[in-house]
Amino acid sequence: MSENIGIRFEVRGAVGIITLDRPRALNALDHAMVRAMHAQLARWVEEPTVAHVLLRSAHERAFCAGGDVRHMVELGRSGQKEAARDYWRDEYALDHFIARYPKPFLALVDGLCFGGGFGVSGHARHRVAGENLGFAMPEVAIGLFPDVGATFVLPRLPGWAGTWLAMTGARIGMPDAVALGLYTHFVPTARWPALIDALAAGEPVERSLATLKADAPAPALLRLCPVIDRIFAGGSVDAILAALDHAAAGAGEVADFARAQRDTLRRASPTSVHIAFQQMQRGLAHDLAGCLALEFRLVTRLLDGPDFYEGVRAVLIDKDQTPLWRPSRLDEVDPRAIAALMDEPLPDELLLT
Ligand code: QUE
């Protein structure tokens, strides 16, 4: 059975339950977890007693901190880039399978939810947030880019919030994430056992959620949305930086916010920030499979560059928080070279059906 691989499966009455349980890595998804989840989900499609499927974490602190990027760095450094690509291929295929899962799929998300954690929850039909959700797509901080279908989801958020989240890796709480539509419901975690009981008893998901959901507090972001839209609607990374500089020059809440965003952007990998910007420009033109294929081109090519290795080293391995990016400045990145990373097909494209 599935012991010691960081993930558990059980059927309770009418509900198939997947529990992420790899606490030492904040439930970061490794290849074995991805494979096991995909295989179990495929079996539950055929299992008539399973009416719906639920994904949750065994731990309060984190739903899932992302993908197993430390191991990907080890693989890439030791000449095993194909093994790293296999991981991302399988992870993106799982995200896509969850998006079109034929039974009601419900993700219960509380605590940290970064990157790969969003991949397995953000495409679910029902996305339930708890009060302590901390959502971010922080990959630009490690020389990667917001993947797992962020190219599809983020540009479809209201206004330019998705471009802001992608380029800065900003972290938002439950009220903001629900207000933006990243999550469909707020159900206080104290009610999660009752929710699971109702699903086990065979109650339809829609009805259980209608009974147990609560009103989320007012989103803190509301006041800043007009500013985010004004700044991040810029037509180039240069234009966005100029708008940030302009807004940062004043005083008050808006200027403080603009300064914080500018500082965050300047700490991130310049290459990653340009990639994130162009992802947001392109995402509306593609379906989820097309977006994931584009991300697979990007991740393949980033395995040949320096920033992903340096970012994971500085943020997750040595934890000195001082990555040396190459190139080191945003104005040294050629947007046409970034576009080419996405435009050039691979000999082995990611094809999802
Ligand atoms: C950006 C990321 C990740 C991150 C931090 C970032 C990410 C990821 C982890 C992570 C955290 C704790 C662990 C672990 C991985 O952190 O994708 O194994 O124990 O998985 O700024 O994209």
Side-chain angles (χ1 to χ4, degrees), residues 4-7 20-34 37 57-77 84-85 87-92 94-95 109-122 133-151 153-154 162 164-172 182 260-261 263-273 275-276 279 292 295-296 298-299 302-303 305 307-325:
N4 293 326
I5 66 156
I7 191 165
L20 302 175
D21 188 6
R22 192 182 172 221
R24 280 170 304 120
L26 299 175
N27 288 347
L29 291 177
D30 65 19
H31 206 159
M33 292 161 77
V34 166
M37 199 190 308
S57 163
H59 308 282
E60 279 181 19
R61 217 180 129 215
F63 174 75
C64 172
D68 195 9
V69 287
R70 291 168 205 255
H71 188 53
M72 296 309 113
V73 158
E74 281 172 30
L75 291 172
R77 277 181 179 159
R85 296 181 72 226
Y87 167 77
W88 274 302
R89 191 184 278 114
D90 290 343
E91 184 190 21
Y92 296 175
L94 170 64
D95 298 337
V109 185
D110 197 47
L112 292 184
C113 181
F114 289 176
F118 186 67
V120 291
S121 62
L133 171 71
F135 165 89
M137 294 299 286
E139 290 92 343
V140 295
I142 57 166
L144 204 58
F145 61 92
D147 65 345
V148 297
T151 311
V153 175
L154 296 185
W164 166 62
L165 291 169
M167 291 180 72
T168 63
R171 192 195 295 197
I172 57 175
L182 287 164
Q261 306 316 303
D263 293 347
T264 308
L265 272 180
R266 295 246 157 86
R267 274 197 305 274
S269 155
T271 300
S272 296
V273 169
I275 290 173
Q279 288 176 265
L292 290 165
E295 292 169 2
F296 190 64
L298 284 167
V299 86
L302 289 197
L303 280 170
D307 279 10
F308 172 53
Y309 302 97
E310 174 62 3
V312 171
R313 181 206 65 73
V315 174
L316 293 173
I317 299 172
D318 298 343
K319 298 189 166 77
D320 57 39
Q321 312 297 339
T322 49
L324 279 173
W325 305 121

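Whatever order the structure lists them in is the order used to number ligands and atoms, beginning at 1.
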Nearest-contact summary for atom 20 (O) of ligand 1 - protein heavy atom, Å: G67 O, 2.5 Å
Shortest protein contact, atom 7 (C) of ligand 1 (heavy atom only): A65 O, 3.4 Å
Any pair counted as salt bridge (Lys or Arg N to Asp or Glu O under 4.0 Å), so long as it reaches residues 57-66, sequence neighbours left out: none
Sub-4.5 Å side-chain heavy-atom contact between W88 and E295: no
Heavy-atom gap A28 to ligand 1 smaller than 4.0 Å: yes
Any V140 side-chain heavy atom under 4.5 Å of P138 side chain: no
R70 N/O to ligand 1 N/O under 3.5 Å: yes
Pair D90, H31: side-chain N/O donor-acceptor within cut-off below 3.5 Å: yes
Sub-4.5 Å side-chain heavy-atom contact between F63 and D110: no
Protein heavy atom at shortest distance from atom 5 (C) of ligand 1: L316 CD2, 4.2 Å
Residue, atom name and distance, where the atom is the protein heavy atom closest to atom 2 (C) of ligand 1: I142 CD1, 3.5 Å
D30 CG to I5 CD1 distance, which is reported to the nearest 0.5 Å: 7.5 Å
Within-cut-off N or O pair, L26 and ligand 1, under 3.5 Å: no
